[in-house]
Amino acid sequence: MTETSSTPSTAGAPQEAPRGRLQRLMRYLPLVAPVLLWAVPCGVLLYTGQHWPLPVTLAGTALFVLGLIGMPLAMARGHGRRQQDWAAIIGDTLLGSAWVLFVWSVLLGVLLRLALTVAGVGDGQDRARIVTWAVLGVTAVLLAWGYAEARRVPRVRRLDVELPRLGAGLDGTRVVLITDTHYGPLDRARWSERVCETVNTLEADLVCHTGDIADGTADRRRAQAAPLGTVQATRARVYVTGNHEYYSEAQGWVDLMDELGWEPLRNRHVLVERGGDTLVVAGVDDVTAESSGLAGHGADLGEALTGADPDLPVLLLAHQPKFIDRAAAHGVDLQLSGHTHGGQIWPFHYLVRLDQPALAGLTHHGARTRLYTSRGTGFWGPPFRVFAPSEITLLVLRAAS
């Protein structure tokens, strides 16, 4: 591996793209979302013709009110100034549970009730109570399964990626991608060790981490991140920042990854040589870096490619898929990203697609640029993954046949 880079700079960096529709919506969600998440299921399960005994109705209503009050309070204490892990765990779990309950209250509350009516099953009260038990049953199953999916060591997803400009000597180069590990309030030190053990079985030439290492500072999450120092690669281990680093003293994470033997690609590149051919491996800071106020941080692809031979193929690490427009404009061959989590809990997928050009997998952009978006190795916030399994990705680079 040969380093050919300069000091990171934000001079001349393109301005961050205007806020998408999702960001504009997010400004109002903190006010409206908690009420909807708890009030809708409360109405569907208790007040749409069930005629439960009064103690049941009162107890159920009390639980929904406690959730409505407790979830925002716990989230504020866990993710606000206090950063209390126990509160974050409670708040995140309530958020994920409320989301699943809300979604299936709406879906089954409409579709199942309609189907029962068409089939002539029971009277109004019978149908209402069937819907209630169905919603509670589906929610319980999905939360149990989603928790197991979130906490497991991700499956390895393997695919070949053909790059027309890739030299024959680089054919078969093995690139392992991990991203969005999100070490956080739930201690995942053992999980981190097992992820790294799995990565080491893949005999990678290049291992990449495309950001969102953790929720919390490097000092607080050091024990969970430490196993990353055991990851093995024959050519290089490279890392770029994600947006969550900029909520948690990003420079501390850059320094820790450097200490663990990873190469932080902050608007710079390295050269990977194999079989007499060369691959440019570049990285940029996350697109949120410019607004973080952290001196010297900001995405600058032009700076990252300064000094690189324009005839060489380029592999770019950029945390968010929406950086692909800039990558395509610069003729990048392959961009690796994370950030989306594949939606993490269905149907949040559809909201993610309002903000990002890809949700997961390999997509093509422009004349030659390819984008691979990982569903992420860990999870953010709610400890659930529903219809969005985590992954460790092995990409085998192929020269044009």
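We're numbering straight along the sequence, starting at 1. Just so it is clear, the structure is predicted and the values come from calculations on it, not from any experiment.
Between Val161 and Arg370, the shortest heavy-atom distance links the atoms CG1-CD, 4.1 Å. The minimum heavy-atom distance between Arg385 and Glu149, with the atom names listed, is O-CB, 3.7 Å. In plain terms, the two heavy atoms of Pro34 and Pro72 that are nearest each other are CB-CG, 4.2 Å. Val314 approaches Val332 most closely through the heavy-atom pair O-CG1, 3.7 Å. Closest heavy-atom contact between Pro357 and Pro321: CG-O, 3.6 Å. For the residue pair Trp262 and Gly229, the shortest heavy atom distance occurs at NE1-N, 4.4 Å.
Arg266 has no carboxylate O lying under 4.0 Å from a charged side-chain N of Glu303, or vice versa, which leaves the two without a salt bridge. Checked for salt-bridge contact, Glu193 and Arg190 meet the test: a charged N lies under 4.0 Å from a carboxylate O. Using a cutoff of 4.0 Å between basic side-chain nitrogens and carboxylate oxygens, Arg174 and Asp205 are not scored as salt-bridged. Salt bridge status for Glu245 with Arg221: absent, with no side-chain N to carboxylate O gap under 4.0 Å.
Annotation: cation-pi geometry satisfied between Arg129 and Trp52 (NZ/CZ under 6.0 angstrom from ring centroid, within 45° of ring axis).
Annotation: side chain of Val135 is in contact with side chain of Leu101 (closest heavy-atom distance under 4.5 Å). No side-chain heavy atom of Phe384 sits less than 4.5 Å from a side-chain heavy atom of Leu142. Looking at heavy atoms from C-beta onward, Phe323 lies in side-chain contact with Val287 at the 4.5 angstrom threshold. In this structure the side chain of Leu186 reaches within 4.5 angstrom of the side chain of Ile89, judged on heavy atoms. Looking only at side-chain heavy atoms (C-beta outward), Trp191 and Pro227 stay at 4.5 Å or farther from each other. Between His365 and Gln335 there is no side-chain heavy-atom pair separated by less than 4.5 Å. Residues Leu37 and Leu95 have side chains in contact (heavy-atom distance under 4.5 Å, counting atoms from C-beta outward). Looking at Thr93 and Pro383, their side chains come closer than 4.5 Å, going by heavy atoms from C-beta outward.
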Derivation of the side-chain contact (heavy atoms from CB on, under 4.5 Å) call for Arg157 and Tyr372: CA-CA 12 Å; Arg157 185 178 187 188; Tyr372 185 81; 3.1 Å; yes

Step-by-step side-chain contact (heavy atoms from CB on, under 4.5 Å) determination, Leu228 to Ile178: CA-CA 11 Å; Leu228 292 173; Ile178 59 176; 4.0 Å; yes

Intermediate values then yes/no, side-chain contact (heavy atoms from CB on, under 4.5 Å), Val280 and Leu305: CA-CA 8 Å; Val280 177; Leu305 296 177; 4.3 Å; yes

Test log, rule side-chain contact (heavy atoms from CB on, under 4.5 Å), inputs Leu395 and Leu362: CA-CA 10 Å; Leu395 301 104; Leu362 188 66; 5.5 Å; no

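For His79 and Asp92, the side-chain atoms include at least one donor-acceptor pair closer than 3.5 Å. At a cut-off of 3.5 Å, with distance as the only test, no side-chain donor of His297 or Ser292 sits close to an acceptor on the other residue. Side-chain atoms of Gln50 and Thr48 form a donor-acceptor pair, as typed in the model, at a separation below 3.5 Å. Of the N and O atoms on the side chains of Ser291 and Tyr246, not one donor lies less than 3.5 Å from an acceptor on the other residue.
In this structure, the side chain of Thr369 does not engage the main chain of Gly366 through any donor-acceptor pair within 3.5 Å. Judged by distance alone, with hydrogens and angles left aside, the side-chain atoms of Arg353 form no donor-acceptor pair with the main-chain N or O of Leu359 at under 3.5 Å. Formation of a donor-acceptor pair under 3.5 Å by the Thr377 side chain with backbone atoms of Thr179 is found in this model. No donor-acceptor pair under 3.5 Å is formed between the side chain of Asp333 and the backbone N or O of Leu315. In this structure, Arg222 contributes its side chain and Ala225 its backbone to no donor-acceptor pair below 3.5 Å. A donor-acceptor pair is defined here as one N or O able to donate and one able to accept, closer than 3.5 Å; no such pair exists between the side chain of Arg237 and the backbone of Gln232. Judged by distance alone, with hydrogens and angles left aside, the side-chain atoms of Arg188 form no donor-acceptor pair with the main-chain N or O of Gln224 at under 3.5 Å. Side-chain N or O atoms of Asn200 include one that pairs as donor or acceptor with a backbone N or O of Thr230 at under 3.5 Å. Between the side chain of Ser337 and the backbone N or O of Ala318 there is at least one donor-acceptor pair closer than 3.5 Å. Side-chain atoms of Asp277 never come within 3.5 Å of backbone atoms of Leu166 as a donor-acceptor pair (strictly under, hydrogens ignored).
The CG atom of Leu334 lies 9.0 Å from the CG atom of Leu279; values are rounded to the nearest 0.5 Å. Rounding to the nearest 0.5 angstrom, the gap separating the CG atom in Leu68 from the CG atom in Leu63 is 12.5 Å. Expressed to the nearest 0.5 Å, how far CD1 of Ile90 lies from CE of Met75 amounts to 12.0 Å. In this structure, CG on Leu371 lies 10.0 Å from CG on Asp325, to the nearest 0.5 angstrom. We find the NE2-CD1 distance between His244 and Ile213 to be 12.5 Å, quoted to the nearest 0.5 Å. Atom CG of Leu336 and atom CG of Leu177 lie 5.5 Å apart (nearest 0.5 Å).
For Trp145 and Phe387, the distance between ring centers is under 6.0 angstrom.
With His319 as reference, Asn243 is the one residue of Asn243, Asp286, Thr241, Thr210 to meet the side chain to side chain donor-acceptor pair (under 3.5 Å) rule.
The aromatic rings of Tyr239 and His209 sit perpendicular, their planes meeting at an angle over 60°, well past the 30° parallel limit.
Heavy-atom contacts from other residues, nucleotides or ligands closer than 6.0 Å to CD of Glu162 number more than 12.
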